[in-house]
> 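One structure follows; several queries about it will come next.
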Amino acid sequence: MNIYLPIAEMSANIFVFLGMGGAVGFLSGMFGVGGGFLMTPLLIFSGIPPAVAVGTEAAQIVASSASGAIAQYRRKNVDIKMGVILLVGGIMGSMVGVQVVKILRAQGQFELLVSIVYVVFLGLIGSLMLIESLNTMRKAKAGKQVSARRPGQHSWIHGLPYKIRFHRSKLYISAVPPLLIGILVGFMSAIMGVGGGFIIVPAMIYLLRMPTSVVVGTSLFQVVFVTAATTILHAITNMNVDIVLALLLMAGGVIGAQFGAVAGEKLKGEQLRFLLAGLVLLVGVRMGWDLFIPPEELYSLSGIAGGGH
Amino acid sequence: MQRAQNMASGLEAERRPFSRYAIYAVVGFVLGATALAAAFYFWWSQNRANVSQPSTSPAAVSDTTEAARGVQRSYVEGISVEADVAARSVAVTSSFHGAEIVLFGAIDDSNFSRIGNAPYDVVVAIQGRDEQVVLRKKNNVAGMWINTESASFKDVPSFYALQSSRPLAEIAGSAFYSKHNIGIENLLSSPSNGAGALSAAERKGYAEALLRLKKKNGLYVERENSVTFNGRVLFRSTIDLPPSVLVGNLIARVYLIRDEEMLASYTSKIRMERQGLMRLMHQLAFSHQLLYGILAVALAAAAGIGASMVFRKSGH
C-alpha cells in the first residue's frame, strides 16, 4: 500500500515507514533514548532527501518525547529554571542551525555536513559508551563497587559569572554553561534531526553535576520544546517537514516504544549500553561508508529548491 | 506496582492522573483543531480568490475547449492527424503512485496518398514541465567523496517519453529529429556554471550524466514499437508516468512522419495537479509556513500524548 509524501514528493510504501518507526521506537523504548540519531540516517538510507529527513524527524521527536516529559513533570523531576535556560540557548542554536541547513542545501553540501557530523558524533559516543560499559561489566564481574558520581567537587565552571541558584538541582552555578550547552544542542537538533539527549545528558551529569534524579526529566523538557521550535523554524525556512511521513513514523514509533520498554527491563544497564554502543557504531560506519567508498555515480541531480509551485 | 498504589490511595489516585491527561488531551486537541480550522480557512479563501478571477474559468469548461487544452495542429494538404488522451487530467492525491496515460488518435488522409507509398509512422512525445536543475560532481578530497563541481541546466523537461511505431532510426535520420526538436538530446540547452566557462569535455560530461540519471529514475523514456496501429488509421500508445515526476502540466505531441517528411502534427496539454489533502498540505507548507509548522507540532504533541494515554489505560 502506497502513500504520496507531499513534501518529499515521492510515493512511499506505508508499511516500510511504519515498520521503520516501530523498529526505532522499540530500540528507543528499550534503551531509553530518543532515537533521532537512528531514524534520520535510516530515512536518508531509504531515499528521503537529507534535509526532509532532518526536518521531519524533529516533528517526530516532539511526539515521542512529549508523553515522557509530561510524566517526568508530574513526578516533579524537572528543574524548570535550568530547563528554561537550556531552552533559550536551544532556540538560539536551532535558529543558527536552520540557517546553516538552508545555506548548505543551496550549495549542495548539506548531505556532506550530515554525514561528517554523524560519523564524528556516533563514532565518539559509540566508542565512549562501549569502553564505559565494558569497564563496568568487568568491575561488576570482579565484585567491586561501581563508583557513583562525586558531588561537591569544584571545577572551572564555578569561576564563571552570572551565578544563579537552581533549587531543584541543589546547584549554585553560572548560567553561562547551561546556555552554551543549550545552544550546542539546539544547533545539533536542527542539523542532525535529533533531540540531543546524547549530548545534554552527559553534559548535565559530568559538566553541570546535576543530580541524576532531575537529569532525565529536565533533558526531556528541553528536548520537547527545542524540537518543537526546530520543527517550526524548519517549516518556515526550509519547508522540509513532511507531516504525512512524520505521522507514519509516529504511529510506528509509539507502538514500538511500548514493547521496547518491556524488553529493556529484562536487561542490565551496562548490557543495554553495550548493545546501544554497538548499534551507534554500526550506524556511524554506514554513514561513513558513502563518504569514503568511491561512488559508482560521481554525478548527482537536484532541482532548484523553491523552484516548484 | 501501579495497581497496588492505586488500591492503597483509593479513588483520588485513580481520578487524578486521568483528569491531568484529559486536560493535556483537550489542550492538544484544541490546538490541533484551531490549526486545522485556520488551515481550511486559508485554503478556502485562496480557492475563492482563484475562482473570482475571471481569467481562470472553472475546470469543467477549460477541459473541454480546445484552446484551453492548448491544441495546435499542423498538416500538409489532405493529410492530418487527430489525437486525444483518455484522461485529460492527472490528479496527484495521497494515493498517487504514478499514472498511465493512454493516447489514441487517427490519421485523416483524404487524398489516399498512402496507396503506393511507404507506410506512415507515428511518434508520440510526452513532455513534463520545465525545471532548472543542478548537476553536482563528486571528487576525492582528503579521502572523502565530496561535491566539488557543479553546473546548472535551464529549462530541462522534468519528464520526457518518446514512443514510436517503429525504431526511431528506421523512421528518419538524426538530422530530421534535431530539426523538429524531437528527442530529449535535441531539447537540452548547454549547461553553465556561475564562475568560469565550462570546457567542451565538461559540458559533455554533465549532459551525459543528466540523461543517464534521468533515464535511471524512469523520467526519460524511449520505447520503440510502442505506438500500435489498429487498422490503417487508428493508433494508440500507453505512457507510464512514474510517481517521481514533477507535478505540473504535461504536453503531448503526436507526429505523423513518412519518408523523412513531417506530414502532420498535433499538440495538446494534459493537466496534472495536486488535489484534495495533498493540495492543501502543499499550499500550507509553501505559502503558510508558520501555520504549517504549528500544525505539525500540534499534531505531533497530540499524537504523543494520545498514545501514552491509550497505552496507560490498556496497561492497567
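Numbered from 1 within each chain, the chains take letters A, B, ... in sequence-line order.
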> Are B:R203 and B:E208 within salt-bridge range, i.e. N to O under 4.0 Å?
no

> For B:E131, is there an ion pair with B:K214 - N to carboxylate O distance below 4.0 angstrom?
yes

> Minimum heavy-atom separation for A:I191 and A:F110, please, with both atom names.
O-CZ, 3.7 Å

> Mind ranking A:I243, A:V254, A:I14 by heavy-atom pairs under 4.5 Å with chain B and telling me who comes out on top?
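Top count of heavy-atom pairs under 4.5 Å with chain B: A:I243.
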
> Less than 4.5 Å to any heavy atom of chain B: does that hold for the side chain of A:A8, its backbone, both, or neither?
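Nothing of A:A8, per the 4.5 Å heavy-atom cut-off to chain B.
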
> Would one find more than 12 heavy atoms of other residues, nucleotides or ligands at under 6.0 Å from atom NZ of B:K138?
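Buried by this count: over 12 neighbours within 6.0 Å.
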
> Check whether more than 12 heavy atoms from other residues, nucleotides or ligands sit under 6.0 Å from atom CD of A:E111, and answer yes or no.
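No, because the 6.0 Å sphere around CD of A:E111 holds 12 heavy atoms or fewer from other groups.
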
> How about residues 51-62 of chain A versus chain B: which residues have heavy atoms under 4.5 Å apart?
A:A59, A:V62

> With a 4.5 angstrom heavy-atom cut-off, which part of B:V92 approaches chain A: side chain, backbone, both or neither?
side chain

> Contact part of B:T93 toward chain A, heavy-atom cut-off under 4.5 Å: side chain, backbone, both or neither?
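The answer is the backbone of B:T93.
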
> Kindly compute the distance separating CD (B:Q127) from OH (B:Y160), expressed to the nearest 0.5 Å.
6.0 Å

> List the steps, then state whether side-chain contact (heavy atoms from CB on, under 4.5 Å) holds for A:T40 with A:Y118.
CA-CA 10 Å; A:T40 306; A:Y118 263 99; 3.2 Å; yes

> Using a cut-off of under 4.5 Å on heavy-atom pairs, state which of B:R136, B:M278, B:M144, B:R212 scores highest against chain A.
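So the answer, after comparing B:R136, B:M278, B:M144, B:R212, is B:R136.
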
> Would you compute the distance between atom CZ of B:F286 and atom CE of B:M281 and round it to the nearest 0.5 angstrom?
12.0 Å

> What are the two closest non-hydrogen atoms of B:M272 and B:F96, and how far apart are they?
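Looking at all heavy atoms of both residues, the closest pair is CE-CZ, 3.9 Å.
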
> What part of A:E297 is in contact with chain B, defined as an atom under 4.5 angstrom from a non-hydrogen atom: side chain, backbone, both or neither?
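Just the side chain, heavy atoms under 4.5 Å.
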
> Apply side-chain contact (heavy atoms from CB on, under 4.5 Å) to B:L213 and B:L135, showing your working.
CA-CA 10 Å; B:L213 289 166; B:L135 255 105; 4.2 Å; yes

> Please report the interatomic distance OG(B:S244) to CD(A:E9), rounded to the nearest 0.5 Å.
10.5 Å

> Using the side chain to side chain contact (heavy atoms under 4.5 Å, CB included) rule, pick out the option among A:N77, A:I70, A:I80 that qualifies with A:F221.
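Answer after filtering A:N77, A:I70, A:I80: A:I80.
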
> For the residue pair A:S94 and A:T230, confirm or rule out a side-chain donor-acceptor distance under 3.5 Å.
yes

> Which atoms of A:L112 come close to chain B, meaning under 4.5 Å heavy atom to heavy atom: side chain ones, backbone ones, both, or neither?
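When you check distances to chain B, only side chain atoms of A:L112 fall under 4.5 Å.
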
> Can you tell me which of A:A66, A:P295, A:S115, A:A246 forms the most heavy-atom pairs within a distance under 4.5 Å of chain B?
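Option with the top pair count is A:P295.
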
> For residues 232-242 of chain A, give me every residue with a non-hydrogen atom less than 4.5 Å from any non-hydrogen atom of chain B.
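Expected list: A:I232, A:A235, A:I236, A:M239, A:V241, A:D242.
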
> Can you tell which part of A:S300 gets under 4.5 Å to a heavy atom of chain B, answering side chain, backbone, both or neither?
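For A:S300, backbone and side chain are both near chain B.
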
> Report which part of B:Y206 has an atom under 4.5 Å of a heavy atom belonging to chain A: side chain, backbone, both, or neither.
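B:Y206 touches chain A through backbone and side-chain heavy atoms alike.
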
> What's the shortest heavy-atom distance between A:G284 and A:V119, and which atoms?
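Taking A:G284 first and A:V119 second, the nearest heavy atoms are O-CG2, 3.7 Å.
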
> Step through the shown structure and confirm whether more than 12 heavy atoms of other residues, nucleotides or ligands are within 6.0 Å of CZ on A:F259.
no

> Please look at A:L301 and chain B and tell me whether the side chain, the backbone, both or neither of the residue comes under 4.5 angstrom of a heavy atom of that chain.
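Both backbone and side chain.
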
> Please look at A:A228 and chain B and tell me whether the side chain, the backbone, both or neither of the residue comes under 4.5 angstrom of a heavy atom of that chain.
both

> Does a donor on one side chain sit under 3.5 Å from an acceptor on the other, for B:N139 and B:E149?
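Side chains of B:N139 and B:E149: pair found under 3.5 Å.
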
> Return the option, out of B:A285, B:S95, B:A303, B:G306, with the maximum number of heavy-atom pairs under 4.5 Å with chain A.
B:A285

